[in-house]
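Side-chain atoms are counted along with the backbone in the values below, which use heavy atoms only and exclude waters and symmetry mates. Please read all numbers here as calculations on a predicted model, not as lab measurements. Note that ligands are numbered from 1 as they come in the structure, with each ligand's atoms numbered from 1 the same way.
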Amino acid sequence: MSKFIATQAIRGAKKIVSQAEQLLKKAIQEKGESQKVQLPDTAFYLPMCYALLGYEVKTLKDMYVPLNEAKSLLHEEPSESLYLPYLGPALDSGIATLLAEEIITAIRYLYNEEPQPDCEGFFSDTILRTLGIQLVDGRLPGFAAILGSTEDNQTAVEIVRELQKRQILVFVGSSSNGKSIIDQLKQENVEMSWDTYIVPYGRDTITVIYPLNWAIRAALSFGGVKPGNAKQALLYCKERVFAFAIALGPLDEEKWATGAGAINMGFPAIADTDVPEIRPTGICTYEHVVKQLDHKKIVQTAVDVRGLKVRVREIDIPVAFSSAFEGERVRKEQTFVEFGSKYSKSFELLITKDINEVEDGKIELIGPDIDQMGYNLDSPELPFAMPLGLIVEVAGKKMQKDYESIVERQIHHYLNFAMGIFHMGQRDQNWIRISKQAFKSGFRLKHLGKILHYGLHEHFPALIDKLQVKIITDEHKVNELLKEARKIYEERDERLAGLTDEAVDTFYSCTLCQSYAPNHVCVITPEKPGLCGAYNWFDGKVAYEINPKGMNQPIPKGRCIDPIKGEWEGVNEFVYKYSNRAVERFCNYSIMEYPTTSCGCFECIIAILPECNGFMVVNRGYTGMTPVGMTFSTLAGSVGGGNQTPGFLGVGRLYLLSKKFLVPEGGLKRIVWMTKELKEFLGDKLKKRCEEIGEPDLVDKIADETITTDSAQLLEFLTKVNHPALSLPSLI
Ligand code: SF4
C-alpha cells in the first residue's frame, strides 16, 4: 500500500464522516430523531450498513449506529518519522467512507436532493433482481464505475463504447476538473439508461456509493450471506461481482477514500493519471491500483486487472455487436433507412423446414439492397423507407412447430445487439431502422441475415441444426408473402389461445429464483405464467427441450384433487420435493388456500383488503402508497422469500387476464384497486376480459391511486360505484 494513498484515504474518510455527522445532526434538529428514512424501492434498509453490520436503519436516530461505527474506524495519518503499517488503517477508512456516504445519500433523499438531474440515484431492488442475477451468474461479465471526466468528449465516448462492446455494465458519474462524464456523454447524444448499459449515478463522488451498495446487496440476495457477516459479504463481492473503477482526471481525497472502500470489496481502480500504483495482490484478486495513461488501452487494462472473462462476439459484420447495444435507439435524424411501422410493409417470420430444404448459412436477398435505391448519406430525403420481409427457415431434429414463435421472438434481441440497428415489435408489426453510421461503416441487408444466423444458432444450439435467411425487399413479393405469413400467425394464435390447463397433462417448473428464495417453485401452466412474467408454458417446454437438466422441469399433473382451486397430486409431489420439503400443498389458482409461493421477482403483488371484501394489485415500479398501508417494496419484503402467505400473492401481470385468475375467490370481480400504470398496461385486453365475465364497467369501478390510496375512502368509492366485490361472499 502506498503511504501517499493511505494518507489521502484517511484524510478523505475523516472529511466524509464529519460531513455525514453534521448532516445527521441538522436533519434531527429539523425533523426529529424518529423521522423515518428510507432509500427507494429496497427491502435492505441502508444496504451497506445492513450487510456489514446487520443493522436495520429505519429512522434518523438509527443512523447513529453506522455513524459511530464509521467514526471508530478512523485513524491517524501515517507518520513521516515513525513507520507503522498503514494498509489496515487505509482499508478501515474505506469502510468508514462507505457507511458515511450511505448516510449522506439517505439524508439527501429525505430532503429530495437525490437523485440528481438526469441521474439514476439509488439503484432499486428491481434492478438488482433483473440485472444483478446476470452479474453473478456470468451472463454479464462485470460492471465498471467511471469517475471523473476526460479532456475531450470523444475520448469519454470511446471508453464507454469499448466497455459496451464487452457487454460490461457502465456506471458513470463523479467529476474532475469541474466537469462530469455524464455531461460529456449527454453533449455527444449518448443514450444513458439501464437499457443501454450506461447508467449515470450522480455528479459527485459521494454518489459512487450507489453502485457499491447495489453490489453488496448481491451478496445478501444471491449469495445467501447473512446480514452482519461482513467478511463473507465482502468476499462474495470479490469473488462473484466483477467490478472495477476507472478514474478519469486528477484524484482527490474523497476519491481515494471511496476507492479504499471499493478495494475492501475486491474492486480495483485504474487511473489515467500518474498515481502511485498498488501492484501486490491480496484484497483484490489482482492489482489494486494501476495507472494506464493511454485512453485507448485503459479498458483492456481494466479487464485484465479485474480478471474478467469477456467474450467479444466475433461475427462478420461491420458494426460492433453486443447485448449492451440492445437498448440503444436509432433516432429519426440518425436513420438512413427504415422498414415497417407506418412507413412501409414489413414482417418477420420463422418457420421449420425439412433438413434437406435448408442450407446452413445461406442468405438470399430478393430485391434491391439499401445502397441500390438511389439514396446516399447526403440525400435530403433521409430517412427513406423500404418494404421488407425477413424469413428465417430452420431445421433441426428437435425443432417443432410449437417452438417457432419462441425462437422467432429472439429476432428482436439479436438485431438490436448490432450497434446502429434498431428493432421493435414482432411479426407484421415490426419496425427496423438502420443508422447512417452503420450504413457508412458498410452495413447492408445481408448482415441482418448474418446476425440471425449467428444469434439463433447461439441461443438454440440444441434445437437448430441448420438455418437460412431470405431477405425480401421486392414490393410485390413482400405483399404476396405477407399474406402467407399472416395465415401462419393466425394459426399459431389459435393454437396458443386455445391451450388450457385442462388440455395438457404436463406443466413446467421454474426454480431459477431458488438462488435467493430457496424454497420457491414456480409452476407454469398454459393459463398461468411465471411470477416474473418472463416465462410462459411454451418457454418452459422449450427450455426443457434445450436443457433437460436445467431449471425448467416437466411436472406431470397427476390426479386432479380440485379443479377450482387448481390442485393436482403430481404438482403437490413435485413441489414438496423441489421446495426442500417445505411446501406440501399448492393450489395454483387460489390466493387464500395454500397459495403458490412468492419468490421476489414477481411483477405484481395481490393483497387482501378485508374491509373492501376484495384484493388490490400493485406492480413493481410503483413507488407510492397503496390501500393496504404499505408500498410495493415493504409488501415485497413480507410476501417474498419463497413463502406461502395466504391473502398475499406475487404474480405475473398477464395472469390477471387469465380465466384461471383467482378462480375460488371470484376472479377479477374481487379486484377493487390497482395502479393506473397496470390498468394502462393491460388496456383493452382487461376491458375485453371484464366483458367476458359479464362486468363491462368493471375497469371503471376498480379504483387506482388517482382516486384514493386510503382504504376507508376506497370503501366509499366502491359503494358509490356498486362494485361487484361488495356482493360476493365474505373473504374471511
Ligand atoms: S419468477 Fe418463477 S419463472 Fe420467473 S425466474 Fe423466478 S422461478 Fe423462474
Item checked: Atoms in ligand 1 flagged as close to G530, the criterion being non-hydrogen separation under 4.0 Å -> 3 (S)
Notebook entry, point to check: Is the number of heavy atoms from other residues, nucleotides or ligands within 6.0 Å of OH (Y109) greater than 12?
Noted result: yes
Margin query: Could you walk me through whether K659 and E527 satisfy the salt bridge (Lys or Arg N to Asp or Glu O under 4.0 Å) test, starting with their C-alpha distance in whole Å, then the side-chain angles of each, then the deciding distance to 0.1 Å, before giving a yes or no?
Written below: CA-CA 7 Å; K659 288 184 180 149; E527 293 178 271; over 6 Å; no
Checklist line | Atoms in ligand 1 with a heavy atom of C532 nearer than 4.0 Å | finding: 1 (S), 3 (S), 4 (Fe), 5 (S)
Margin query: Any N/O/S atom, side chain or main chain, of C510 closer to atom 4 (Fe) of ligand 1 than 2.8 Å?
Written below: no
Notebook entry, point to check: Taking the six-membered ring for Trp, are W673 and Y622 parallel (under 30°), tilted (30 to 60°) or perpendicular (over 60°)?
Noted result: perpendicular
Check: Can you list the atoms of ligand 1 that are under 4.0 Å from a heavy atom of C599?
Finding: 1 (S)
Notebook entry, point to check: Taking the inter-plane angle between the rings of H453 and H457 on a 0 to 90° scale, is it parallel (under 30°), tilted (30 to 60°) or perpendicular (over 60°)?
Noted result: perpendicular
